[in-house]
Amino acid sequence: MPQFVIERDMPGAGSLSADELQGASQQSCSVLRDMGPQIQWVHSYVTDDKIYCIYRAENADMIRHHAESAGFPANSVSEVRTIIDPTTAE
C-alpha cells in the first residue's frame, strides 16, 4: 500500500496538552475505523506549528477525505517514493 506524508498547518500544535493530543488521536481513529482497512495511520511528528503525519492508503484522495471528515487540515499530501536511512550509505 502506498505511504504518504501529510503536512498539517496547526499553529500552536507543539503546545497542545496530552489530553488535547489524545482527543485529536481519538477523532482520527474514529474516522479511520469508519473508512476501513484501506487507510492506516502510522505515526505523526508534532512540531511548534505543524503536524507531519505518515499514513498508508490506496491513494491521496483517501487521505484528503480522512482529513475533511476528521476536521484536520491537510495542507500538503505527498506520496513517499523511497525511504532512505544511514544504512543506505553502506
Side-chain angles (χ1 to χ4, degrees):
M1 189 172 339
Q3 190 160 272
F4 295 87
V5 176
I6 301 98
E7 181 178 4
R8 305 182 192 282
D9 290 337
M10 298 181 69
S15 299
L16 293 172
S17 69
D19 286 342
E20 290 170 316
L21 291 170
Q22 182 181 35
S25 297
Q26 290 170 341
Q27 175 65 19
S28 178
C29 289
S30 174
V31 172
L32 289 169
R33 275 191 298 278
D34 290 343
M35 292 182 70
Q38 304 90 330
I39 181 169
Q40 303 164 0
W41 175 25
V42 179
H43 59 264
S44 298
Y45 301 96
V46 179
T47 66
D48 288 337
D49 294 314
K50 294 182 187 241
I51 298 180
Y52 299 90
C53 302
I54 308 299
Y55 275 67
R56 292 186 186 102
E58 292 182 349
N59 55 60
D61 288 338
M62 292 189 80
I63 303 290
R64 291 184 189 93
H65 175 75
H66 169 267
E68 184 178 313
S69 297
F72 301 130
N75 304 91
S76 172
V77 178
S78 301
E79 186 172 347
V80 174
R81 298 298 180 190
T82 303
I83 298 173
I84 62 173
D85 62 27
T87 63
T88 306
E90 298 173 0

Can you see which heavy atom on Pro73 is nearest to which on Arg8, and at what distance?
O-NH1, 2.8 Å
Ile84 reachable from Val80 in the ILVMFWY side-chain graph, under 4.5 Å edges
no
For residues Ile51 and Ile39: do they belong to one hydrophobic cluster (side chain heavy atoms under 4.5 Å, members Ile, Leu, Val, Met, Phe, Trp, Tyr)?
no
So does Gly12 get a backbone contact from the side chain of Asp49, meaning a donor-acceptor N/O pair under 3.5 Å?
yes
Same cluster or not: are Met1 and Val42 linked, directly or through other Ile, Leu, Val, Met, Phe, Trp or Tyr residues, by side-chain heavy atoms under 4.5 angstrom apart?
no
Co-membership, hydrophobic cluster, residues Ile83 and Phe4, 4.5 Å side-chain:
no
Any idea how Tyr55 and Trp41 line up, ring-wise: parallel (<30°), tilted (30 to 60°), or perpendicular (>60°)?
parallel
Verify, without hydrogens or angle tests, whether Ser25 (side chain) and Leu21 (backbone) share a donor-acceptor contact under 3.5 angstrom.
yes
Smallest heavy-atom separation, Ala57 atom then Met62 atom, equals CB-CB, 4.3 Å
Using the rule that Ile, Leu, Val, Met, Phe, Trp and Tyr join whenever any side-chain heavy atoms are under 4.5 Å apart, tell me whether Ile6 and Val31 fall into a single cluster.
yes
For the atom pair CD1 (Ile63) and CD (Glu68), what is the distance rounded to the nearest 0.5 Å?
13.5 Å
In Å, rounded to the nearest 0.5 Å, how long is the span from CE of Met10 to CG of Asn75?
9.5 Å
First locate atom CE of Met35, then atom CD of Gln40, and finally report the distance between them rounded to the nearest 0.5 Å.
11.5 Å
If you measure from CD on Gln22 to CG on Leu16, what distance do you get to the nearest 0.5 Å?
13.0 Å
Please step through side-chain hydrogen bond (donor to acceptor under 3.5 Å, both in side chains) for the pair Ser17 and Asp19, ending with a clear verdict.
CA-CA 5 Å; Ser17 69; Asp19 286 342; 5.2 Å; no
